[in-house]
Amino acid sequence: MSDTSPSEERTSRNFIEEIIERDLKEGRHKSVLTRFPPEPNGYLHIGHAKSITLNFGLAEKYGGETNLRFDDTNPVTETVEYVENIKQDVRWLGYEWAREKYASDYFEHLFDFAIRLIRDGLAYVDDSTSEEIAAMKGTPTRPGTDSPYRSRTPEENEDLFHRMREGEFPEGSCILRAKIDMSSPNMLMRDPVIYRIKHAPHHRTGDKWCIYPTYDMAHGQSDAIEKITHSICTLEFMPHRELYDWLIDKLDLYPSRQYEFARLNMSYTIMSKRRLLKLVEDGIVDGWDDPRMPTISGLRRRGFTPEAIRDFCTRIGVAKRDNVIDVSLLEFCAREHLNKISLRRMVVFDPVKLVITNWPDGEVEELESENNPEDESAGTRKIPFGGELYIEREDFMEDPPKKFFRLGPGRSVRLKSAFIITCDDFIRDENGRLTEIRSRYHPESKSGSDTSGIKAKGTLHWVSITHAHKIEVREYDRLFTVANPSEEADKNDGKFIDYINSDSLNVVPVAYAEPAIAGDAPGNYYQFMRKGYYFPDKATTREKQIYNRTVTLRDDWARKSKQGK
RNA sequence: UGCCCGGUCGUCUAAGGGUAGGACAGCUGGUUUUGGUCCAGUCAGUGGGGGUUCGAAUCCUCCCCGGGCAACCA
């Protein structure tokens, strides 16, 4: 029992947690309300998972709530299909939102806000072309110039804006701009566009509207309407904060505050939704949920667990400096969780026949093996053992080096959960290809009751030939050949396609699995012993089972032998 | 060349004037019926120069480097 006074345990907090704790302590807020604001124009990826974990995690930690709010202000790129998939992904990650909202819920409200700005002389309708507006914007080093339409009266502007809404004008003919400061050092404050005409149906409001608010006109106001306390976004929105605050101030709304953190980058992949879409459209991958994609749906199909992804998102931390997380951290998180929960099964990928010469002809013995050595409650399963087995071709060498703990002439190994065998002979065909290994087993070395006294350094996985269940296995490697594809692409006219790894998918059409796998309930996470972690693909059927390799096991032997070369 | 951010082991991330710590990756060993897991150990960092201070990753200053900003995208 610890009766020591709580010694001000200094747990490390990220900068946003510090802000929240300060706000709570100083009474600025009584509770926390965050939001996760995806635009439904693509699928969620691991970078969004960071944001989701942050927003929902913060609310969880400080006893608050999180809204899911779709930032659906651009009907041209947004669809209900994206909305549905985003919701599915957030739920799969393990989060449930307090309210489901859409920026489009507030279109009428936002329109009224615009009218208020107009009446207060803080917004005007500009008939300039987009080229003219761009030219008048100036550059980061040179101030902009006022539009000739900047001095229209509020009455004229209000009339024009209503007529924009009524559909009197074609797209591009005019827009509504906030009237701020054309010489501001912040380009975003140089009379930003806040409403534009789009004669396009919206996935929720149909054809009710032909004018739509821009991000800046919608986001902060939606936050304020919902009374979001901490509006957390990525670094590239930093310059928007001044405009965010300006609008809240001029419209006298609830003072939501925006805070920016560095988005996630991960080695050997890309996070740009635009570029991910291109991979899908060009058929380089098999859809948004291709197991090589960094999308939530891709990771799910690949066999990553929500727990592993959440763990990853908390381990990477939250800060403001640009970062590239090593993908090996994600793999570590996957292995750590999968090691605890996965069912162990034996699967031989590249078989060679192993004959047990002293095994009674035709006899089959059912051996028992644990499903998961990390979890006794996972129970055991039976594995048939007989006189003809498959083992992995790479587990035999005719002339093995000393440190090779597997099979070779005269050598003994343990067959996992079975017997120790000793290799007496092997057969090669006319091409020198190994076709058969002949060995004898030691009856008193049976797993669990070994009295043989024989020492075997290595243990091999195996499967009885007559009982083997054929499965297909898909092995995945990183999608790109370079650690930072986006950076390389930026230096290469944006052509990230040049860095695609052409060997990122290897299909093993037939692998031989122990029969237990055929009877397992669907949806299990597996470890194929000595190989890696595998998960049934969505296309798997009872007749044809297909497994995706999530990640290999760590393999010191492979690493060392590679080093030796 | 203007404005705004940022710079701590290879990669992330702590230390908020008082011993630069953790994780991943790497490397050594030990245990092991998975060359897995687990355990132990080890390598490795404050961008640079001045200044303030008994004491600076931390405060000041100059410099260097990286990122962002000129969509009717978000």
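Excluded from the calculations below are hydrogen atoms, water molecules and symmetry mates; all remaining heavy atoms, backbone and side chain alike, are included. Letters A, B, ... mirror the listed sequences (proteins, then strands); counts begin at 1. All values reported here derive from a predicted model rather than from experimental measurement.
Enclosure of atom CZ in A:Arg142 is not indicated, since only 12 or fewer non-hydrogen atoms of other residues, nucleotides or ligands lie within 6.0 angstrom. Within a 6.0 Å sphere centred on CD of A:Glu366, other residues, nucleotides and ligands contribute more than 12 heavy atoms.
No donor-acceptor contact under 3.5 Å links the side chain of A:Glu260 to the base of B:G6. Between the side chain of A:Thr459 and the base of B:U34, no donor-acceptor pair under 3.5 Å is found. Taking only distance into account, the side chain of A:Arg414 meets the base of B:U33 through a donor-acceptor pair shorter than 3.5 Å.
Protein atom CZ of A:Phe15 is 15 Å distant from nucleotide atom C1' of B:A14, rounded to whole Å. Counting to the nearest Å, the P atom of B:C12 and the CZ atom of A:Phe261 are 16 Å from each other. Between the CD1 atom of A:Ile316 and the P atom of B:U11 there is a distance of 16 Å, given to the nearest Å. Atom NZ of A:Lys560 and atom C1' of B:G29 are 10 Å apart (whole Å). Atom CG in A:Leu188 sits about 20 Å away from atom P in B:G2, given to the nearest Å. To the nearest angstrom, P of B:C5 lies 11 Å from CG of A:Asn186. One atom, CE of A:Met136, and another, C1' of B:C72, lie 13 Å apart when rounded to the nearest Å. Here B:G36 presents its C1' atom at 12 Å from CZ of A:Arg406, a figure rounded to the nearest Å.
Cation-pi geometry between A:Arg204 and A:Tyr102 is met: under 6.0 angstrom from the ring centre, within 45 degrees of the axis. Both tests hold for A:Lys531 against A:Phe349: distance to the six-membered ring centre under 6.0 Å, angle to the ring axis within 45°.
Residue A:Lys531 places none of its side-chain N or O atoms closer than 4.0 Å to OP1 or OP2 of B:G35. Close to B:A74, at under 4.0 Å from its OP1 or OP2, lies a side-chain N or O of A:Arg196. Between B:C27 and A:Arg559, a contact under 4.0 Å exists linking OP1 or OP2 to a side-chain N or O. Note on A:Ser12: every side-chain N or O is 4.0 Å or more away from OP1 and OP2 of B:A15. OP1 or OP2 of B:G7 lies within a sub-4.0 Å distance of a side-chain N or O belonging to A:Arg321. Phosphate contact (OP1/OP2 of B:C12, side-chain N/O of A:Arg315, threshold under 4.0 Å): absent.
Going from the C1' atom of B:U28 to that of B:C43 covers 10 Å, rounded to whole Å. Rounded to whole Å, the P atom of B:G47 lies 34 Å from the corresponding atom of B:U37. Comparing the same atom, C1', in B:G10 and in B:A71 gives a spacing of 38 Å after rounding to whole Å. Spacing of P atoms, B:A25 relative to B:G17, comes out at 34 Å, to the nearest Å. Separation of the C1' atoms belonging to B:C24 and B:A14 is 15 Å when rounded to the nearest angstrom. Spacing between B:C39 and B:A20 at atom C1', rounded to whole Å, works out to 26 Å. Nucleotides B:U19 and B:A15 are separated by 13 Å at their P atoms, to the nearest Å. Distance check on atom P: B:U1 versus B:G26 gives 42 Å, rounded to whole Å.
For A:Phe237, the side-chain atoms get nearest to B:A74 when compared with the rest of B:C12, B:G36, B:A74. Among the nucleotides B:A71, B:C69, B:A74, the one closest to any side-chain atom of A:Met187 is B:C69. Closest to the side chain of A:Glu236, from the set B:A25, B:U28, B:A74, is B:A74. When each of B:A25, B:U33, B:G36 is scored by its nearest atom to the side-chain atoms of A:Asp556, the top-ranked nucleotide is B:G36. Taking every side-chain heavy atom of A:Ile175 into account, B:C72 is the closest of B:U13, B:A74, B:C72. Counting only heavy atoms from C-beta on, A:Asn14 has its side chain closest to B:A14 among B:C5, B:C72, B:A14. Considering only the side chain of A:Asn74, B:A74 comes nearest among B:U33, B:A74, B:C5. For A:Arg344, the listed nucleotide lying nearest its side chain is B:U34; candidates were B:G35, B:U34, B:G26. In the set B:C72, B:C12, B:G67, B:C12 carries the atom at the smallest distance from any side-chain atom of A:Asn323. Of all nucleotides listed (B:A25, B:G6, B:C72), B:C72 comes nearest to the side chain of A:Val193.
Evaluation of A:Phe405 against the base of B:G35 yields a stacking contact (centre distance < 5.5 Å, interplanar angle < 30°). Once the 5.5 Å centre distance and the 30° plane angle are applied, the aromatic ring of A:Trp557 is found stacked with the base of B:G35.
Taking the six-membered ring for Trp, A:Tyr547 and A:Tyr534 have ring centres at least 6.0 Å apart. A distance of 6.0 Å or more separates the ring centres of A:Tyr106 and A:His219.
Under the 3.5 Å distance criterion, with hydrogens and angles disregarded, no donor-acceptor pair is assigned to the side chains of A:Ser452 and A:Ser445. Using modelled atom types and a 3.5 Å distance limit, the side chains of A:Asp375 and A:Ser377 yield a donor-acceptor pair.
Within the nucleic acid shown, A:Thr73 comes within 4.0 Å of sugar-phosphate atoms alone, with no base atom in reach, counting heavy atoms only. Residue A:Lys403 is classed as a base contact, given a heavy-atom separation below 4.0 Å to a base. Contacts of A:Gly448 with the nucleic acid, taken as non-hydrogen atoms under 4.0 Å apart, include base atoms. Among the atoms of the strands shown, base atoms are found under 4.0 Å from some heavy atom of A:Leu553. Contact annotation for A:Glu374: base contact, defined as any heavy-atom pair under 4.0 Å involving a base atom.
Because its glycosidic torsion is more than 90° from 0, B:A14 is reported here as anti.
Mapping A:Glu336 and A:Arg530 onto RNA chain B via the closest heavy atom, the residue that lands nearer the 5' end is A:Arg530.
Proximity of A:Arg263 to A:Leu235: side-chain heavy atoms (C-beta onward) are nowhere separated by under 4.5 Å.
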